[in-house]
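Side chains included, hydrogens not; waters and symmetry mates left out as well; all remaining heavy atoms used.
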Amino acid sequence: MGKVVLVTGVARRLGGRFVRRIQREPDVERVIGVDAVTPEHHLGGADFVRADIRHPTIGKLLAEYGVHTVVHMDINGTPLGARGNRTSVKETNVIGTMQLLGACQKAPSVQRLVVKSSTNVYGSAPRDPAVFSETTPPKSLPSGGFAKDAVEVEGYVRGFARRRPDVAVCVLRFANILGPCADSPLAEYFALPVLPTVIGYDPRLQFVHEKDAIEVLRIAASEPRRSTLNSGTFNIAGDGVLLLSQAARRLGRPTLPLLLPTLRWARAGLRSLGITDFSPEQIRLLTHGRVVATNQMRETLGFEPEHTTAGALADYAHSRGPGLLPPETLARTIDRLAALLPAGAQT
């Protein structure tokens, strides 16, 4: 008999796409999708169970279906539509994870746990190292928001791994996920006609394409291939790094440099209009940036992303259409301005 896979957070598009993908694995007999909200998209042949992972009923599901693999994707930074506010999201992230891990600990059938985490656990601070590895401690631990949730979640996961050493645990720390269907806060930011930035800063950014995110989740949820190990903690990001200014030009979006206090004021205005929500951690990312090493992703996990950081952004840009300033026009304008400057001023 094949194994039973339970996936949380399937009402979000990424969760739904992963459910449809994992069903095609030859060793998977049944997939159970769980969320507190009924998905608007199809889940293929998966069974959907409307359940809130913050409640103990999740344990009954694990026992009833004899779940072998749990893929925990219900860890997010923003509410799903009208699902709730920041408080409800935090409760799902932290309390929901605690309940889920408690249920997994009591379920002898569970043999593999995959957790969708984030590189937000490293924070963004002015004294950060140039590149974070999986073992690099952050200079300044996140003090709130989704980043703090992710730190707490990973702490609970490490405790679970100690209590159930027989379970293979894989934590995937994703860089910002982009693609045609991305619904992350950064994707909303890049969709603005004009991008507010922090004056004097040009942060380095990394992205991972949503297709690569689904593929690495599939690898983590499967038995390890020969000469690979899919247990442990791994940074997940596409090759390369882009400056925020480069990303803006490739999107055709003009930037609006603002003083940091003014950007915080602009955040409140955009939030009140329901356009986007600049969390404090996102403002820190747009100030200081963040870059992670992906050696372990390739050498240990055995995953090679199909898309680079630039490729993920390009696919996202193609799906959103041209910005106010088409990249070709913007590039020509910059070249003309550079040609007008004295040679010494260009260096």
Side-chain angles (χ1 to χ4, degrees), residues 1-12 14-25 27-36 39 43-44 46-76 92-118 149-150 152-174 213-224 229-234 236 301:
M1 293 180 64
K3 64 185 181 183
V4 178
V5 179
L6 183 142
V7 184
T8 67
V10 299
R12 293 179 185 267
L14 188 69
R17 291 184 64 180
F18 173 71
V19 164
R20 295 192 295 271
R21 174 63 185 90
I22 198 67
Q23 291 173 62
R24 303 203 300 268
E25 291 298 289
D27 62 337
V28 173
E29 178 184 2
R30 191 173 192 179
V31 179
I32 313 297
V34 176
D35 208 301
L43 297 179
D47 298 317
F48 173 70
V49 178
R50 184 168 181 174
D52 193 328
I53 62 172
R54 293 175 292 180
H55 301 154
T57 53
I58 190 68
K60 298 179 181 178
L61 291 177
L62 297 177
E64 178 182 350
Y65 291 103
V67 173
H68 175 279
T69 301
V70 174
V71 182
H72 184 28
M73 299 182 65
D74 205 358
I75 305 171
N76 301 283
T92 300
N93 290 343
V94 179
I95 298 176
T97 298
M98 291 176 61
Q99 287 284 3
L100 179 64
L101 295 177
C104 289
Q105 183 177 339
K106 298 175 183 177
S109 63
V110 174
Q111 297 299 310
R112 181 168 293 278
L113 171 68
V114 180
V115 178
K116 171 183 167 287
S117 187
S118 168
D149 293 354
E152 292 182 24
V153 163
E154 288 199 11
Y156 295 132
V157 172
R158 286 191 293 272
F160 168 80
R162 289 191 295 269
R163 293 188 296 270
R164 283 289 305 269
D166 59 309
V167 176
V169 178
C170 185
V171 177
L172 302 176
R173 291 174 175 169
F174 286 97
I214 292 168
E215 179 61 15
V216 74
L217 283 163
R218 182 198 65 80
I219 291 174
S222 305
E223 293 302 314
L229 178 66
N230 58 355
S231 299
T233 300
F234 302 95
I236 308 298
L301 187 59

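To the nearest 0.5 Å, the span separating CD1 on I32 from CD on E64 amounts to 8.5 Å. The CZ atom of F18 sits 12.0 Å away from the NZ atom of K116 when rounded to the nearest 0.5 Å. Note: R17 CZ to I214 CD1 = 4.0 Å, rounded to the nearest 0.5 Å. The distance from the CD1 atom of I58 to the CG atom of L101 is 11.0 Å, given to the nearest 0.5 Å. With values rounded to the nearest 0.5 angstrom, L100 atom CG is found 13.5 Å from Y156 atom OH.
A pairwise comparison of heavy atoms in C170 and A220 identifies SG-CB, 3.7 Å as the closest pair. In terms of heavy atoms, V167 sits closest to L113 at CG1-N, 4.0 Å. Pairing each heavy atom of C104 with each of L62, the nearest pair is N-CD1, 3.6 Å. Heavy-atom minimum distance, D35 versus V10: OD2-N, 3.2 Å. Heavy atoms only, all atoms of each residue included: V7 and V31 are closest at CG2-CG1, 4.3 Å. A pairwise comparison of heavy atoms in A221 and I22 identifies CB-CD1, 4.3 Å as the closest pair.
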Quiz item: When you look at R50 and F48, which way does the side chain to side chain contact (heavy atoms under 4.5 Å, CB included) test go after all the steps?
Solution: CA-CA 6 Å; R50 184 168 181 174; F48 173 70; 3.7 Å; yes
Practice problem: Quick one: do L6 and V4 satisfy side chain to side chain contact (heavy atoms under 4.5 Å, CB included)? Show the steps, please. | Solution: CA-CA 7 Å; L6 183 142; V4 178; 5.9 Å; no
Quiz item: For L301 and I236, what are the C-alpha separation, side-chain angles and deciding distance, and is it a side chain to side chain contact (heavy atoms under 4.5 Å, CB included)?
Solution: CA-CA 10 Å; L301 187 59; I236 308 298; 4.2 Å; yes
Exercise. Report the C-alpha separation of V114 and L217 in whole Å, then their side-chain angles, then the decisive distance to 0.1 Å, and conclude whether the side chain to side chain contact (heavy atoms under 4.5 Å, CB included) test is met.
Key: CA-CA 8 Å; V114 180; L217 283 163; 4.1 Å; yes
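Without hydrogens or angle criteria, R173 side chain to F234 main chain gives no donor-acceptor distance under 3.5 Å. Under a 3.5 Å cut-off, the side chain of D149 and the backbone N or O of I75 do not form any donor-acceptor pair. Counting only distance, with no hydrogens or angles, the side chain of Q23 and the backbone of L43 share a donor-acceptor pair below 3.5 Å. The backbone N or O of M73 sits less than 3.5 Å from a side-chain atom of T8, completing a donor-acceptor pair. No side-chain donor-acceptor contact under 3.5 Å links D47 to the backbone of R30. Formation of a donor-acceptor pair under 3.5 Å by the D74 side chain with backbone atoms of I53 is not found in this model.
R164 and Q105 form no side-chain donor-acceptor contact under 3.5 Å, judged by distance and modelled atom types alone. Judged by distance alone, the side chains of H68 and S109 never bring a donor and an acceptor atom under 3.5 Å apart.
Residues S231 and R112 meet the side-chain proximity criterion, which asks for heavy atoms closer than 4.5 Å.
Ion pairing between a basic and an acidic side chain is recognised when a charged N comes within 4.0 Å of a carboxylate O; K3 and E29 show no such pairing.
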